[in-house]
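Hydrogens, waters and symmetry mates are skipped; everything else that's a heavy atom, side chains included, is used.
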Amino acid sequence: LFVNANGNNSVQAALDSPAEINTNAPVSVEAWINAVSVSPKRAIVNYGYQGGSTLPVEDREFSYDSGGSGVVSGDFGNLDTGWTTAPNTGVWHYLAYTWDGSNITAYLDGLQDVQRNVGAICKTVPTFMQIGSGIGGTGVNGGNDVADDYIACARVESGVLTASDV
């Protein structure tokens, strides 16, 4: 990773996202964050191109906010999923997100918070990965949905985390 020198204090990968987490492949994301605010949308991890409401979704944005797409967003697509439990500010939280190819499951501090079947709608393309903000349009260097919060660690891995893994 290298630090984005163009603003927003986000970190951007120097290489494209690995093949095993692109297309509709299963992926899991873990992050340890301390939120300053939970509104508006705040991207923790993002890759793919934001392309609007058409399917298949080409963007995966794992977020932490109280909005309707606060768990994961497909940029206005059917993937948008909100948290059941409103997140807190000012304390450290462990977040885990897992995608099995048709279901999104999110955990807050080790407990399952939401699970939703959205179907096999992802066509995520390889792009730089962004930690701390979303990728704007088809560009890079962040800028959308900035998470101006504390992120101690973020990990993206292929495959599905089970409840016992979390």
Side-chain angles (χ1 to χ4, degrees), residues 10-13 17-18 20-33 35 37-88 93-137 142-149 151 153-163 165-166:
S10 58
V11 177
Q12 176 181 286
S17 52
E20 61 265 28
I21 64 168
N22 294 321
T23 66
N24 199 48
V27 65
S28 294
V29 174
E30 296 174 278
W32 290 261
I33 71 153
S37 174
V38 293
S39 180
K41 191 183 334 181
R42 307 167 90 74
I44 303 301
V45 174
N46 177 258
Y47 64 102
Y49 292 135
Q50 293 187 352
S53 59
T54 59
L55 294 175
V57 176
E58 294 183 342
D59 163 58
R60 293 192 218 186
E61 181 176 293
F62 300 93
S63 303
Y64 180 75
D65 62 73
S66 57
S69 56
V71 169
V72 64
S73 168
D75 199 38
F76 315 113
N78 293 341
L79 186 60
D80 290 0
T81 300
W83 291 95
T84 301
T85 305
N88 299 353
H93 291 286
Y94 164 64
L95 310 178
Y97 314 84
T98 191
W99 167 260
D100 68 6
S102 61
N103 296 288
I104 180 74
T105 305
Y107 299 85
L108 178 61
D109 296 326
L111 300 175
Q112 182 178 316
D113 183 73
V114 64
Q115 184 174 56
R116 186 165 168 250
N117 181 307
V118 295
I121 61 172
C122 284
K123 186 183 87 169
T124 313
V125 295
T127 62
F128 295 127
M129 297 183 71
Q130 200 70 33
I131 308 294
S133 75
I135 297 172
N144 288 356
D145 307 329
V146 177
D148 53 349
D149 305 310
I151 302 173
C153 183
R155 178 174 42 210
V156 180
E157 53 203 324
S158 63
V160 175
L161 290 172
T162 66
D165 293 334
V166 172

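Proximity of Trp99 to Val29: side-chain heavy atoms (C-beta onward) are nowhere separated by under 4.5 Å. Looking only at side-chain heavy atoms (C-beta outward), Glu157 and Pro18 stay at 4.5 Å or farther from each other. The closest side-chain heavy-atom distance from Ser158 to Ile21 is below 4.5 Å. Taking 4.5 Å as the limit, every side-chain heavy atom of Asn103 sits out of range of all side-chain heavy atoms of Val118. Counting only heavy atoms from C-beta outward, the side chains of Phe62 and Glu30 never approach each other to under 4.5 Å. Side-chain contact between Ile33 and Ile44: present, with at least one pair of heavy atoms (C-beta onward) separated by less than 4.5 Å. Looking at heavy atoms from C-beta onward, His93 lies out of side-chain contact with Pro87 at the 4.5 angstrom threshold.
With sequence neighbours excluded, no residue forms a side chain to side chain donor-acceptor pair (under 3.5 Å) with Ser66. Every residue two or more places apart in sequence or in another chain that forms a side chain to side chain donor-acceptor pair (under 3.5 Å) with Asp165 is listed here: Thr162. For Ser69, there are no side chain to side chain donor-acceptor pair (under 3.5 Å) partners, not counting sequence neighbours.
The closest donor-acceptor contact from the side chain of Thr127 to the backbone of Gly48 lies under 3.5 Å. Proximity of a side-chain donor or acceptor of Tyr97 to a complementary backbone N or O of Ser63 within less than 3.5 Å is detected. In this structure, Ser102 contributes its side chain and Asn117 its backbone to no donor-acceptor pair below 3.5 Å. Asp80 places no side-chain N or O within 3.5 Å of a backbone atom of Gly68 that could act as its donor or acceptor partner. A donor-acceptor pair under 3.5 Å is formed between the side chain of Asn24 and the backbone N or O of Gly101. Within the 3.5 Å criterion, the main-chain N or O of Gln130 finds no donor-acceptor partner in the side chain of Asn46. For Asp59 (side chain) and Thr124 (main-chain N/O), no donor-acceptor pair under 3.5 Å exists by modelled atom type. Not a single donor-acceptor pair under 3.5 Å links the side chain of Thr105 to the backbone N or O of Thr98.
The aromatic rings of Tyr64 and Trp83 lie perpendicular to each other, with more than 60° between the two planes, well past the 30° mark.
If you take OG1 on Thr84 and CD on Gln115, they are separated by 10.5 Å, rounding to the nearest 0.5 Å. Taken from CG in Asp65 to CZ in Arg42, the straight-line distance is 8.0 Å, to the nearest 0.5 Å. Atoms OG1 and CD, from Thr85 and Gln112 in turn, are 11.0 Å apart once rounded to the nearest 0.5 Å. Separating the OG atom in Ser73 from the CG atom in Leu79 is a distance of 7.0 Å, to the nearest 0.5 Å.
Nearest approach of Ser17 to Val125, heavy atoms of both residues: OG-O, 4.2 Å. Across all their heavy atoms, Glu20 and Ala25 have their closest contact at O-CB, 3.2 Å. Considering every non-hydrogen atom in both Gly132 and Ile151, the closest pair reads CA-CD1, 3.9 Å.
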